[in-house]
Amino acid sequence: MPSFVDSNALKISIIGAAGGIGQAMCLLLKAQLHTLIPNDANSDPKEMNMHIHMALYDVNNDAVRGVATDLSHIDTPVTLSSHSPNDAEGLRDCLIDTDLIVVPAGFPRKPGMTRDDLFIKNAEIISGLADNIAAYCDMSKIFILLISNPVNSLIPLMGQRLVHHHPSSDIERRIMGVTKLDIVRASTFLHQLSITDGIEKRTNNMPEIPVIGGHSGDTIIPLFSRAKIYPKLSRAQIKYLIHRVQTGGDEVVKAKNGQGSATLSMALAAHKVVMKFSSLLLGLRKSIHGIYYVSLWSHSKNQPICSDSNILIPLIDGCKYFAIPVYINKQGTYAIEYQIIEKMADFERSSLLPNSISKIKANIETGLAYSRQ
Ligand code: NAI
C-alpha cells in the first residue's frame, strides 16, 4: 500500500490498531481528521502544508494490513500505512518521525476480571513499546495517549521506562492516560436519568461532568455536584449515578460475556481526544484543555511538572499521578486546574477522594515496582 508521509505531515501512530478499539477508532479518525484543517479561500491546505498521516501497527500481521487497506479506500485525504512484525522494521517505521502515539494495544478484560488483573500481561507490552519509543522517537516533542489498562499503573510504568532511557527528557509532561470514556459515560448516564426520572424535559444538550481520580472502579470520581441539575438530584440518584460510572466498564464486559470490553464507546472517546491533540499539533490551537491521567511530578528533573503541582499534590495526600483537568501546549502540561479539588462537594471530598487516592497510590507503586525490575 502506498504511503504519502512527508516531513510536514502530522503523523499519528496507532499501536494495537487491529483490535476492537483500534479498528473503530481508526475508522472515526480516517473519516474525520481532515475536517480539522481549515478549508477556506484564505487558508489553502496545500500552502499550509497540513496533511495528516495515520501509521497503523499491530502484532496481528494480516489483520492490520487488512484494516489499513480497507480504510485506505475511504474518500478522505488522510493517508495511511500499515506496519507489523512481519516487516523488517515494522515498529520502527511506524514510530519514526511521529508526533502522536495512541496506544490501544493489549489484553481487554473478561467477565470477573478487574483492570488490575491485566497488569502483568499488558505491562510487558507497554514496557517493550516504551523501549522502542525511546529508541526511535524524538523525546523532545512526541505526545503519547495511553488507552491500555490498567491506566493507573501503566502511565507511571511507561513514564519511568522512557525516563530511564532519556534521563534528562521532560517526556512525562506529554504522556496522558485516556480516561475520557468515564466522562462520556457520566454525561450519558446523567442525561438518561434526567429524562427517565422526569427531572428535565427531553433535550439534545448533553451535560458536561468532570470525572477525576483514576480509571478503575472506585478510583473513578465523577463530580455530579458540577451538574446544573445537581440541586434537583436526590441522594439516591447521585449514588446510583456514581456507581454506574464506576462500574460502566463492567456493564459492557458482562454484556459481551467473554468477547472483550468496551470498544465502540471507547473508540468514540479516544477519537474525541485525538482530534483535540491533532488540532494542537497542527498548530490550529496554541493550547488545549481536558482531563487526563497525568504525572504531576517530573521524575527526571525531580521537580513538579508545573508550579500548580505544588498546590495539587498536598491536596491529594501526596499522590503524584491523577486524572485532573490540565492545560496543554506543544511542550506538554503547563497548568493544572487544581481548584476543582477545592470546589468538590463535601461528600465527594470526604468519602470519594480519600478512597480513590489510597487505591491510586497502590496502583502507582505496582507500575513503578515493575519499571524497577
Ligand atoms: P483487543 O484485544 O480487541 O485489541 C488489542 C490489540 O492489541 C490486538 O489487535 C492485539 O493484536 C494488539 N496487540 C497486542 N500486543 C501488541 C503489541 N505488543 N504491539 C502492538 N499491538 C499489540 O482489545 P481492545 O478491546 O481493543 O482493548 C485494548 C486495551 O484497551 C485493553 O487493555 C483494554 O483493557 C483497554 N481499554 C481501555 C479503556 C479506557 O478507558 N482507557 C476502555 C476500554 C478498554
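Order of listing sets the numbers, starting from 1, for every ligand and every atom in it. Keep in mind it's a predicted model, so treat the numbers as computed, not measured.
Within the model, atoms CG of Asp182 and OG of Ser216 stand 9.0 Å from one another, a figure rounded to the nearest 0.5 Å.
Residues passing the side-chain contact (heavy atoms from CB on, under 4.5 Å) test with Asn122, sequence neighbours excluded: Phe107, Leu118, Ile125, Leu154. With sequence neighbours left out, Ile199 forms a side-chain contact (heavy atoms from CB on, under 4.5 Å) with Leu193, Ser194, Asp197, Ile229, Lys232, Leu233, Gln237.
Pocket lining of ligand 1, defined as residues with a non-hydrogen atom under 4.0 Å away: Ile15, Gly16, Ala18, Gly19, Gly20, Ile21, Tyr57, Asp58, Val59, Asn60, Pro104, Ala105, Gly106, Phe107, Pro108, Leu118, Asn122, Ile125, Ile147, Ser148, Asn149, Val151, Val178, Leu181, His215, Ser261, Ala262, Thr263, Met266.
Between Asp62 and Arg65 a salt bridge is recorded (basic side-chain N to carboxylate O distance below 4.0 Å).
Tyr334 belongs to a hydrophobic cluster with Tyr327, counting contacts under 4.5 Å between side-chain heavy atoms of Ile, Leu, Val, Met, Phe, Trp and Tyr, direct or through other members.
Ring pair Tyr321/His299: centre-to-centre distance below 6.0 Å.
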